[in-house]
Student: 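Provided herewith is a single structure, encoded as structure tokens, for subsequent inquiry.
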Amino acid sequence: MPFTKTIIVTGSSGQIGQAFVRHLSQSNDNYYIYALDKNKFSYNKKNIKNIEIDITKEDEVLDFFSNVKELYGLVNNAGIGVFTPFLSRTVAEFKNVLDVNLVGTFLMTRESIKIMIKHGYGKIINIGSIYGVNSSDFRIYGESGRNNSEVYSISKSGVIMFSKYLAAHYASNNIQINTISPGGIKKNQSNEFIKNYNLKNPTGRMGETNDLLPALDFLLDKKNEYINGENIVVDGGFTTW
Ligand code: NAD
């Protein structure tokens, strides 16, 4: 295994992606990070390479991977949602969510595994959601008009199953594929939503991006060659009841 570990993080300019990239870039594990995002974004650090890419476009994904020779890890973090009511859902909205959350994840994973098989190790972490495990409680959204969507939940349960499927198929290649499913991360939600969410959460608060980092480190640890196909829910206990 190389001294420097190359790792790809998609959605790297988003809220969670930025926390992941910054954390990994400061780690003692000597990561070299390909920070992928559709948006132009610059980290300006010598162990981070910014790549502007749309992960739903196969030609762009293949072009990126033509320059990747070794790969320790892949964090499939890019994801989108849609928040309008189900009865006004359009086919375009539905397909768009599946395209990023599933097709993008599939393309990145397929190309990564091809490399990982060659050198006989690899860690893949897919970012799911509590809403890929449980249905969302529409009551906590109040009058906001915003609600988690059916297609987001479908896509995230698909991500969890994708991890399990691949974990079974590539365990013999020493590739571990797991999911981290975050609960709601605090950003600029309405006061009403935050109050309702906190009340439902045994920990009494929304998540912070830092809350996800222990699970990331744990799954990326090179000593982990046996935790495979798991879904680690990081939600302060929100889904326990
Ligand atoms: P975010 O919107 O802040 O970031 C997502 C990033 O993905 C953006 O930078 C966006 O440009 C990028 N992206 C979108 N489509 C892309 C494409 N086609 N190609 C390349 N990049 C693309 O979202 P976030 O809150 O940081 O979420 C990160 C992940 O965590 C997502 O998969 C999300 O579903 C999941 N998640 C988030 C929460 C939360 O509360 N924030 C909770 C559970 C799960």
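Fair warning: this is a prediction, and the values are worked out from it, not measured in the lab. Read the numbers this way: they start at 1 and go in the same order the structure lists the ligands and their atoms.
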Student: Run through ligand 1 for me and note each protein residue having a heavy atom under 4.0 Å from it, chain first, then residue number.
Tutor: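 Answer by chain and number: Gly11, Ser13, Gly14, Gln15, Ile16, Asp37, Lys38, Asn39, Ile53, Asp54, Ile55, Thr56, Asn77, Ala78, Gly79, Ile80, Val100, Ile127, Gly128, Ser129, Tyr152, Lys156, Pro182, Gly183, Gly184, Ile185.
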Student: Just to verify, what does Tyr31 make a ring pair (Phe, Tyr, Trp, His ring centres under 6.0 Å) with, not counting sequence neighbours?
Tutor: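 Expected list: none.
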Student: Show me the donor-acceptor pairs, under 3.5 Å and distance only, between side chains in residues 61-69 and residues at least two apart or in other chains.
Tutor:
from	atom 1	to	atom 2	distance (Å)
Ser66	OG	Asp63	O	2.6
Lys69	NZ	Ser66	O	2.8

Student: Going by atom types only, do Asn134 and Thr239 share a side-chain donor-acceptor pair under 3.5 Å?
Tutor: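 There is no such pair between these side chains.
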Student: Can you say whether the rings of Phe41 and Tyr43 are parallel (under 30°), tilted (30 to 60°) or perpendicular (over 60°)?
Tutor: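 Taking Tyr43 first and then Phe41, their aromatic rings stand perpendicular (interplane angle over 60°).
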Student: Check side chain to side chain donor-acceptor pair (under 3.5 Å) between Ser129 and all other residues, then give those that pass, not counting sequence neighbours.
Tutor: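 Result, side chain to side chain donor-acceptor pair (under 3.5 Å) vs Ser129: none returned.
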Student: State, with a plain yes or no, whether a side-chain heavy atom of Ile80 is found less than 4.5 Å away from one of Asn101.
Tutor: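 Touching, per the 4.5 Å side-chain cut-off.
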